[in-house]
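Here the structure comes first, spelled out in structure tokens, and everything after it is commentary.
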2 protein chains.
Amino acid sequence: MMDLYETFITVVESSSLSEASRKLHTSQPNVTLRIQKLEKDLDIVLFDREGKKLILNPSGSKLYEQAKN
Amino acid sequence: MMDLYETFITVVESSSLSEASRKLHTSQPNVTLRIQKLEKDLDIVLFDREGKKLILNPSGSKLYEQAKN
DNA sequence: TTGTTTTACGCGGTGCGTAATGATC
DNA sequence: GATCATTACGCACCGCGTAAAACAA
């Protein structure tokens, strides 16, 4: 499968899932599913959903610091 | 998928696919399929089939030397 | 209405076990 | 016949894309 961490990093560094999906050359739904899968695999919520915005929460921020290296 | 190299090493170190399948806690057909897949992935024949015996050939031997570490 | 995220659905690929077949002893 | 390897078959799982739905601006 496509690497979930790469997807996560790309999402964090994008302004939307749409933009991330373009960078990752995949569909928007897939990005949603990958993030959901990552959260489920780790059993950690990484983003808070506020409206249509995904806001990285402290857990997500911590993971991002680790994952980007 | 189960690691193909682990399967390969186990087969090499066993006297038969049956024995290997027992060590690997899987079925005989699966071991056959994994070896076939490894050979196909690498595009290298690893064993010569003589009767019901699988005999490691030079290519297989070389791979085994690399893989066992 | 437009742009976004999410869910629903179906498809193709993959690895598995069981069963059947083939082949050797 | 017994024992082994291989092939056939069906099943479950997974990741995908498209389509539909849900939701916010």
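Each chain gets a letter, A, B and so on, in the order its sequence line appears, and its residues count up from 1. What you see is a predicted model, and the numbers here were worked out from it, not measured in a lab.
Put simply, CG on B:Asn30 is 18 Å from P on D:dC4, counting in whole angstrom units. As a whole-Å value, the separation of B:Leu24 CG from C:dG17 C1' is 15 Å. One interatomic measurement links the two molecules: CD1 of A:Ile55 to P of C:dT5, which rounds to 13 Å at whole-angstrom precision. What separates NZ of B:Lys53 from C1' of D:dT3 is a distance of 11 Å, to the nearest Å. Atom NZ of A:Lys37 and atom P of C:dT5 are 21 Å apart (whole Å). Whole-Å rounding puts the A:Leu33 CG to D:dA19 C1' distance at 14 Å. The interatomic distance linking B:His25 (NE2) with C:dG17 (C1') rounds to 16 Å, in whole Å. The CD-P distance, from B:Glu19 to D:dA5, rounds to 10 Å in whole Å.
Of the side-chain N and O atoms in B:Arg34, one or more sit less than 4.0 angstrom from OP1 or OP2 of C:dC16. Remark: A:Thr26 is in phosphate contact with D:dG17, judged by side-chain N or O atoms under 4.0 Å from OP1 or OP2. For C:dT5, the OP1/OP2 oxygens have no side-chain nitrogen or oxygen of A:Gln36 closer than 4.0 Å. Neither OP1 nor OP2 of C:dT7 sits under 4.0 Å from any side-chain N or O of A:Thr32. The side chain of B:Ser18 contributes an N or O atom lying less than 4.0 Å from OP1 or OP2 of D:dA5. Between A:Arg49 and D:dC23 there is no side-chain polar atom (N or O) within less than 4.0 angstrom of OP1 or OP2. Checking the phosphate oxygens (OP1, OP2) of D:dT3, no side-chain nitrogen or oxygen of B:Ser16 falls inside 4.0 Å.
Within the 3.5 Å criterion, the main-chain N or O of A:Ser15 finds a donor-acceptor partner in the side chain of A:Lys53. A donor-acceptor pair under 3.5 Å is formed between the side chain of B:Ser21 and the backbone N or O of B:Ser18. The main-chain N or O of A:Asp3 is found under 3.5 Å from a side-chain atom of A:Thr7 such that the two form a donor-acceptor pair. At distances below 3.5 Å, at least one donor-acceptor pair connects side-chain atoms of A:Glu39 with backbone N or O atoms of A:Phe47.
For A:Lys68, the NZ atom counts as densely surrounded, since its 6.0 Å shell holds more than 12 non-hydrogen atoms of other residues, nucleotides or ligands.
Nearest-nucleotide positions on DNA chain D place B:Pro29 closer to the 5' end than the other of A:Gln28 and B:Pro29.
The base of D:dT3 lies close enough to the side chain of B:Lys52 for a donor and an acceptor atom to sit less than 3.5 Å apart.
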